Student: 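Shown below is the structure under consideration.
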Amino acid sequence: MNRLLASALLLGAFFFTSCKKETDRMTEPAGAPAFEHGAPTGTATSRTIGPEGGTLTLPDGSVALTVPAGAVTKATAFSIQPVENTLPGARGESFRLLPEDAHFAKPVTLTFSYKNFPQHGTLPEALFLAYQNAEGRYALVDKTQLDKATQTLTVETTHFSDWQICETFRVVADRTTLKRGEKATLKLQEIDLVAPLTGPDKNITPWTDHVTMTSGMKLAWSLVGEGSLVPAQTQCVYTAPGTTPQQNPVLVNLTLSGFTGSPKIRTGASSPQMTIITPIEIAQGDYVKYSFNGETLDINGDCETGCITCEARNGHFSLRTTAPNNRTMSLIIWNFPSKAGNYAFHTDLAGIEVLAGVGSSRYVSSYSSCQSPYNAVFSTGGVTITKWGNVGEYIEGNVTTQLYGGGNCGSDSKPFTLKFRAKRTR
């Protein structure tokens, strides 16, 4: 398959992670569940840094690694590479920091932007870094430094591993787009990386509905807009109004207070209470529906059914979904003039990539030719954009084609259909 195109597809969405000194890490319980380490999903960014120190920054400037003078005794190859996120239910992308087996004489500083991390249903105070140890167990870093002014998370470490952003508290809704009079159930969830994951549901996640409420902690649900709420401690039911509201989406808010001293959320005199905002669209909203390999996914962007990222910049358009069990779909148009139309996989450098779950093969809209492995053969057709809009407006489109995987010559192909309507975020 065309590995360059497959790697390029992953550049359309940005999810960033980092780490912290060993002494600042939370305990790794022996009974915590272990998961396989993720396979690489993109090209590594590398640089050789010597005893004098230096920096390594991703091309878009979103992740920066600062090595102080004296951290290494000889020229050392440093790299940052995106890998599969194998933590069930996680919304961000994992990064592998190398050299993994090296220990630094001085802590290395990592600065990651969370600007493009999906924050609906959570808040910056609940964003922490998690690392995956050699045995595959995850642990949170409770001393991750937050800078809301620059929207960054900064940590120090004396050795590397696989890292990602985790939201320790989040609100999930079973539906974020409702017709008039329909209902949605919203739940506050807390991450629990200690308890074993059990049960028959393959999509079970470490985010639990059973939030630990200690003395002084308070929750208050409220509504901005039309409709009604029935709160019940860590859950509530929202009912949409009988007519389309003037304010759309409406906002279901959960205000947290009294969380002082909790290792899973940052509090202080300047922020005695925090509010998690969940938008609910009435009679319109985001959706991505695609069929592949006998399965149809209907994603509405609530990050329970799956997350959606839709953006355009620098002459490119990208749409990405991340569903439970690491099922991802990426669409990108590299030669994009920002208007509705048909964009061919070949001439316009449009592309699709699908991953059907952890451990599954990738399928893309191109494959290597039998006659020349250096020449790509592209899927027929392309991407149709039926509606184009500015930031904050909805983009609509569809695709019908074949995707290829499993070696050269297009010997393994599967049908793929896609229809989407997503709000452009940038």
Side-chain angles (χ1 to χ4, degrees), residues 13-15 89 91-92 114-127 148 151 165 167-189 207 209 219-232 234-256 265 273-289 298-312 319-324 387 389-396 420-426:
F14 306 94
F15 305 95
R91 302 198 290 178
Y114 63 82
K115 181 172 59 176
N116 292 307
F117 183 86
Q119 295 181 51
H120 47 276
T122 189
L123 68 171
E125 287 84 355
L127 297 182
K148 295 178 67 174
Q151 298 186 69
I165 292 177
E167 65 271 50
T168 55
F169 285 91
R170 67 186 189 186
V171 171
V172 297
D174 59 354
R175 303 177 66 187
T176 56
T177 301
L178 303 177
K179 295 180 180 179
R180 291 174 293 182
E182 289 186 330
K183 299 179 184 292
T185 300
L186 296 89
K187 301 177 180 180
L188 176 65
Q189 294 184 334
W207 281 271
D209 298 342
L219 307 175
W221 295 92
S222 61
L223 176 65
V224 179
E226 299 176 41
S228 63
L229 279 183
V230 178
T234 60
Q235 301 185 21
C236 79
V237 175
Y238 167 72
T239 303
T243 58
T244 302
Q246 289 186 335
Q247 174 176 316
N248 200 8
V250 300
L251 305 178
V252 178
N253 298 335
L254 176 60
T255 300
L256 313 175
I265 198 164
Q273 63 182 29
M274 294 150 288
T275 300
I276 298 177
I277 301 173
T278 304
I280 304 289
E281 291 270 358
I282 310 302
Q284 58 183 334
D286 295 35
Y287 71 85
V288 172
K289 184 174 184 178
D298 196 350
I299 298 170
N300 62 23
D302 61 5
C303 287
E304 186 84 350
T305 60
C307 303
I308 301 173
T309 301
C310 177
E311 57 187 28
L319 175 75
R320 178 180 171 87
T321 67
T322 304
K387 181 180 179 180
N390 297 318
V391 173
E393 298 177 336
Y394 285 98
I395 314 301
E396 299 179 9
F420 67 91
R421 182 177 187 269
K423 185 174 290 186
R424 179 182 165 193
T425 57
R426 63 186 302 169

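As the structure is a computational prediction, the values presented were derived from the model and not from experiment.
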Student: May I ask you to decide if N390's main-chain N or O and E393's side chain share a donor-acceptor pair within less than 3.5 Å?
Tutor: yes

Student: Can any side-chain N or O of T168 pair as donor or acceptor with the backbone N or O of A126 at less than 3.5 Å?
Tutor: yes

Student: Which heavy atom of A184 sits nearest to which heavy atom of D174, and what is that distance?
Tutor: CA-OD1, 3.4 Å

Student: Assess the residue pair T234 and D209 against the criterion (side chain to side chain contact (heavy atoms under 4.5 Å, CB included)); give the C-alpha distance rounded to whole Å, side-chain angles, the decisive distance to 0.1 Å, and a yes or no.
Tutor: CA-CA 8 Å; T234 60; D209 298 342; over 6 Å; no

Student: Using side-chain contact (heavy atoms from CB on, under 4.5 Å) as the criterion, list what pairs up with K387, not counting sequence neighbours.
Tutor: E396

Student: The criterion is side-chain contact (heavy atoms from CB on, under 4.5 Å); which residues satisfy it with I277, sequence neighbours excluded?
Tutor: L251, N253, T275

Student: Could you state the interatomic distance from CD1 (I276) to CZ (F169), rounded to the nearest 0.5 Å?
Tutor: 8.5 Å

Student: Any donor-acceptor pair under 3.5 Å linking the side chain of Q235 with the backbone of T185?
Tutor: no

Student: Please report the shortest heavy-atom distance between A323 and I299, naming the atom on each side.
Tutor: CB-CD1, 4.2 Å

Student: Please report the shortest heavy-atom distance between P124 and Y114, naming the atom on each side.
Tutor: CB-OH, 3.6 Å

Student: Do K148 and E125 have side chains that approach each other closer than 4.5 Å (heavy atoms only, starting at C-beta)?
Tutor: yes

Student: Would you check if L188 and L256 make a side-chain contact, meaning some heavy-atom pair closer than 4.5 Å?
Tutor: yes

Student: Working to the nearest 0.5 Å, report the span between CG of D298 and NZ of K289.
Tutor: 5.5 Å

Student: Would one find more than 12 heavy atoms of other residues, nucleotides or ligands at under 6.0 Å from atom CD of Q247?
Tutor: yes

Student: For the residue pair F420 and I308, establish whether any side-chain heavy-atom pair is separated by less than 4.5 Å.
Tutor: no

Student: Please report the closest heavy-atom contact between Q151 and K115, naming both atoms and the distance.
Tutor: OE1-CA, 3.7 Å

Student: How close do A173 and L186 get, counting heavy atoms only, and between which atoms?
Tutor: CB-CG, 3.9 Å

Student: Please check: side-chain N/O of T278 versus main-chain N/O of V172, any donor-acceptor pairing under 3.5 Å?
Tutor: no

Student: Does the R424 side chain pair with the main chain of I395, one donor and one acceptor, at a distance under 3.5 Å?
Tutor: no

Student: Would you call L319 and C310 a side-chain contact if the rule is heavy atoms closer than 4.5 Å?
Tutor: yes

Student: Rounded at 0.5 Å granularity, tell me how far CG in D286 sits from OG1 in T321.
Tutor: 12.0 Å

Student: If you compare all heavy atoms of E226 against all heavy atoms of T243, which two are closest, and at what distance to 0.1 Å?
Tutor: OE1-OG1, 4.3 Å

Student: For C236, check disulfide bond (SG atoms under 2.5 Å apart) against everything at least two apart and list the hits.
Tutor: none

